[in-house]
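Please read the structure below before turning to the comments.
One-based numbering along the sequence shown. When a ligand or atom number is given, it counts from 1 through the structure's own listing order.
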Amino acid sequence: MHVIHLTETDSTNRVLLDLASQGAADWTVIRAEAQTAGRGRLQRQWLSPPGAGLYFSVLFRPALDPVALPLITLAAGVAVCEVLERCAGTQPRLKWPNDIHLDRRKVGGILTETSGVGGQPRTAVVVGVGLNVSMPAELLEAELQDRATSLHLHWREPVARELLVTEIVSGLRELVAMQERGEAEEVLRRWRLRDGLLDRWLHWLTPEGQVVHGRGLGLDGSGRYRVEDRQGKVHEVLSGDLTLQQT
Ligand code: BTN
């Protein structure tokens, strides 16, 4: 693993996707102290002020069929949770596909982006991880203040950020290798252990802008999330956003 540490950049995902197209080696990691245009899922911004969080991206080109790529995103969520459990003594939960929650508030997120370079047999995958470590609440937008949290409010004792990066990348590497060996079921099993939506009431904002109210039924075998609406119809969620209903 080769970690490049930057003081500031626009987006570590953007930088690493560019490096990938220039042939950067697998398991190159770019970490930044701050991002000026951090990217979130669904075209959202990821707030990345200096000193308040951990912002990094990792590149690899898995020997997997592109249809298996959604499972990589799930594997990244598992890797982050397992490290937060082992190194920080916290009990994170995953909100599909891979928001990381502590005490029902979002502490981190993952954005997976790919770039297929013509003539290259394997797709380059960039997994970007953002974790609020000591984010001052006042920096968050008002609507986020009671939905987001920071790791330092939950950990048993301080954990070095470098350690979190290297442990998460090592964990992800093992999980990807597992998938490459045909053991995706083990990745799903470990994701399901931390499913924060199971049996909870939620709404699904579909990519077409419709809202479906339902109950979380858990992951299917290909990484889609199943939601049962009030009429008993089961929806297979592959994109869009799932939000827990406030109780
Ligand atoms: C989300 O929950 O919407 C995903 C957020 C992912 C943020 C990280 S921070 C490091 C990497 N670089 C980016 O521009 N985004 C990801």
Side-chain angles (χ1 to χ4, degrees), residues 1 3-21 24 27-60 69-70 72-81 83-84 92-102 104-115 124-135 139-141 143-145 147-151 161-162 164-169 172 191 194 196-197 202 204-205 207 225 237 239-244:
M1 172 189 328
V3 183
I4 301 169
H5 198 155
L6 306 174
T7 310
E8 186 183 280
T9 187
D10 52 346
S11 153
T12 56
N13 267 33
R14 203 275 305 152
V15 175
L16 201 47
L17 281 164
D18 278 1
L19 290 181
S21 63
W27 307 107
T28 299
V29 177
I30 304 236
R31 177 182 163 200
E33 284 303 312
Q35 298 181 116
T36 51
R39 302 180 188 168
R41 279 185 73 235
L42 308 171
Q43 324 299 331
R44 293 180 185 136
Q45 271 211 342
W46 187 258
L47 188 68
S48 316
L54 191 59
Y55 322 112
F56 70 94
S57 303
V58 52
L59 162 71
F60 50 97
L69 294 180
I72 287 195
T73 288
L74 300 180
V78 171
V80 173
C81 284
V83 170
L84 294 184
R93 285 283 165 271
L94 287 161
K95 189 185 78 88
W96 187 93
N98 49 21
D99 281 2
I100 293 120
H101 282 220
L102 287 172
R104 301 188 180 188
R105 290 167 181 226
K106 180 162 172 170
V107 71
I110 293 165
L111 177 67
T112 305
E113 298 185 88
T114 56
S115 88
V125 177
V126 168
V127 171
V129 178
L131 273 177
N132 298 335
V133 179
S134 49
M135 183 72 72
L139 281 188
L140 298 168
E141 288 167 34
E143 57 151 285
L144 273 182
Q145 288 188 356
R147 289 197 280 123
T149 190
S150 267
L151 183 58
R161 294 173 202 206
E162 304 76 55
L164 291 174
V165 175
T166 52
E167 290 291 306
I168 291 169
V169 174
L172 177 58
W191 196 97
R194 301 171 175 87
L197 296 179
L202 47 87
W204 170 36
L205 178 62
Y225 204 82
V237 178
S239 53
D241 210 15
L242 296 175
T243 315
L244 275 174

So if I count the atoms of ligand 1 from 1 in the order they appear, which ones are less than 4.0 Å from some heavy atom of [X]?
X	result
T12	10 (C), 11 (C), 12 (N)
D99	2 (O)
R41	1 (C), 3 (O), 4 (C)

Polar contact flag for Y55 and ligand 1 (N/O pairs, less than 3.5 Å) = no
Under 3.5 Å: N/O of Q35 near N/O of ligand 1 = yes
ask   = Nearest to atom 5 (C) of ligand 1, what protein heavy atom do you find, and at what distance?
value = W46 CE3, 3.4 Å
request  = Looking only at protein heavy atoms, identify the closest one to atom 6 (C) of ligand 1 and say how far it is in Å.
outcome  = R39 O, 3.6 Å
message = Taking 4.0 Å as the limit for heavy-atom contacts, which would you say applies to K106 with ligand 1: side chain only, backbone only, both, or neither?
response = side chain
query = Restricting to pairs with a member in residues 30-60, which pass ring pair (Phe, Tyr, Trp, His ring centres under 6.0 Å), not counting sequence neighbours?
reply = W27-F60
query = Partners of T112 by side chain to side chain contact (heavy atoms under 4.5 Å, CB included), sequence neighbours excluded?
reply = T73, I110, V125, V127
query = Are E113 and R14 within salt-bridge range, i.e. N to O under 4.0 Å?
reply = no
message = Main chain of T12, side chain of T9: is a donor-acceptor contact present, judged purely on distance under 3.5 Å?
response = no
